[in-house]
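Worksheet for the structure shown next.
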Number of protein chains: 2
Amino acid sequence: MLIRVDPSSETPIFAQVAASVRADAAAGRLRSGDRLPSAREVAASLGVNLHTVLRAYQLLRDEGLVDMRRGRGAVATDAVEPLARLHHDIEALVARARTLALSPDALAALVKETYR
Amino acid sequence: MLIRVDPSSETPIFAQVAASVRADAAAGRLRSGDRLPSAREVAASLGVNLHTVLRAYQLLRDEGLVDMRRGRGAVATDAVEPLARLHHDIEALVARARTLALSPDALAALVKETYR
DNA sequence: AGAACTGTTCTAGTATTTATAGAACAGTTG
DNA sequence: CAACTGTTCTATAAATACTAGAACAGTTCT
């Protein structure tokens, strides 16, 4: 599992880390039972603080996507499987948005607003 | 045009205001040429600062969704029409996400990450 | 048992972002 | 001219994001 982050983005680092994990789950690269890299590893490889990565992991735990225990690490739950079923729909939507030159932030905000 | 905001939300007010306008455009309630309520009106009715509303309007201007001129106000551009064409796709995606008990923030972040 | 790993919790400080407030300015409309 | 519009400016307070270091408490493997 590779976690990517864009330092120049306005999106908070912790949110980007969580988003990266979710995207891996949706793409099928992270399956139920898979273990995420340790927070200390991720922090070191990204050059960010341990607490920043842990905040992302705790967010994912709050969403039910991972189980966390000390000593054991963070492990993907069954809840990641449904994400994969959304993958095609999301890619289709993104493809259409791209042809309209709509910004990622605007599309994301639109989806979020529609979800309320 | 009615602009709604949820004070208990973690999303910044200016972002919610912009999202509300985009949602109206996507739903066809705001069409090209329509004038948005003045920033001072919106600020007064929401009980927030004028600058907060203006920041939202300027964000929409940066996205090309509205034209702004002093004295004249903010007017929706042709760019709002394509949003309406995404409406069905977004609603379908949101409907599926709802059955999966996925949080709005998580879905929005997933869409944004997929868009990169 | 012991060593090496894991997340958890705590205090602390700095930088950035958000939101507020008020005033003055400069176009547009009636 | 009067009343409206967004624009620009300075200022301040509050919340959030990020970093830093240390200690703690489970798990895994040798």
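The chains referred to below are lettered A, B, ... by the order of the sequence lines, with proteins before strands, and numbering in each begins at 1.
Between the CZ atom of Arg70(B) and the P atom of dA24(C) there is a distance of 17 Å, rounded to whole Å. The CG atom of Leu59(B) sits 12 Å away from the P atom of dA19(C) (whole-angstrom rounding). Summarising the geometry, the separation between CG on Leu36(B) and C1' on dC4(D) is reported as 16 Å, rounded to the nearest angstrom. Rounding to whole angstrom units, CD of residue Gln58(A) and C1' of dT16(D) are separated by 16 Å. The distance from atom CD1 of Ile13(A) to atom C1' of dC18(D) is 7 Å, rounded to the nearest whole Å. Here the C1' atom of nucleotide dT6(C) and the CG atom of Leu54(A) are 10 Å apart, to the nearest Å. One interatomic measurement links the two molecules: CG of Leu50(A) to C1' of dC10(C), which rounds to 13 Å at whole-angstrom precision. Put simply, CG on Asp67(A) is 17 Å from P on dG26(D), counting in whole angstrom units.
Residue Arg72(B) places no side-chain N or O under 4.0 Å from the OP1 or OP2 atom of dG6(D). For the pair Arg55(A) and dA17(D), the criterion of a side-chain N or O lying under 4.0 Å from OP1 or OP2 is met. Residue Arg61(A) places at least one side-chain N or O under 4.0 Å from the OP1 or OP2 atom of dT8(C).
With Glu63(B) contributing its side chain and Ser103(A) its backbone, the two residues share no donor-acceptor pair below 3.5 Å. Using modelled atom types, one side-chain atom of Thr77(A) and one backbone atom of Gly64(A) make a donor-acceptor pair closer than 3.5 Å. Remark: the backbone N or O of Tyr115(B) is paired with a side-chain donor or acceptor of Arg98(A) at under 3.5 angstrom.
Remark: of the listed residues Leu36(A), Leu30(A), Val75(A), Leu36(A) is the sole one forming a side chain to side chain contact (heavy atoms under 4.5 Å, CB included) with Val66(A).
The listed nucleotides are dG7(C), dT6(C), dG6(D); the one nearest the side chain of Tyr57(A) is dG7(C). Side-chain atoms of Pro12(A) lie closest to dC18(D) of the nucleotides dT18(C), dC18(D), dT20(C).
Remark on DNA chain C: of its neighbouring residues Glu10(A) and Gly71(A), the 5'-side contact belongs to Gly71(A), judged by nearest-heavy-atom nucleotide.
Interface residues of residues 105-116 of chain A facing DNA chain D, ordered by number: none; criterion, heavy-atom separation under 4.0 Å. Contact check of residues 38-49 of chain B against DNA chain D (heavy atom, cut-off under 4.0 Å) returns Ser38(B), Ala39(B), Arg40(B), Glu41(B). For residues 14-22 of chain B, proximity to DNA chain D is found at no residue, defined as any non-hydrogen atom under 4.0 angstrom from a strand atom.
Residues Leu59(B) and Leu83(B) do not share a hydrophobic cluster, defined by chaining ILVMFWY side chains whose heavy atoms lie under 4.5 Å apart. Tracing side-chain contacts under 4.5 Å through hydrophobic residues (I, L, V, M, F, W, Y), one reaches Val80(A) starting from Met68(A); they form part of the same cluster. Under a hydrophobic-cluster definition in which Ile, Leu, Val, Met, Phe, Trp and Tyr are linked whenever side-chain heavy atoms come within less than 4.5 Å, directly or via other members, Leu110(A) and Leu100(A) are assigned to the same cluster.
Counting atom types as modelled, His51(A) pairs no side-chain N or O with a base atom of dG7(C) as donor and acceptor under 3.5 Å.
Under the rule for a salt bridge (charged side-chain N to carboxylate O under 4.0 Å, His left out), the partners of Arg29(A) that lie at least two apart in sequence or sit in another chain are Asp24(A). In this structure Asp62(A) satisfies the side-chain hydrogen bond (donor to acceptor under 3.5 Å, both in side chains) test with no other residue, sequence neighbours excluded. Arg4(A) pairs by the salt bridge (charged side-chain N to carboxylate O under 4.0 Å, His left out) definition with Glu113(B), not counting sequence neighbours.
Closest of all the heavy-atom pairs between Pro37(B) and Ile3(B) is CG-CD1, 4.3 Å.
Residue Arg116(A) qualifies as enclosed at atom CZ: its count of foreign heavy atoms under 6.0 Å is above 12.
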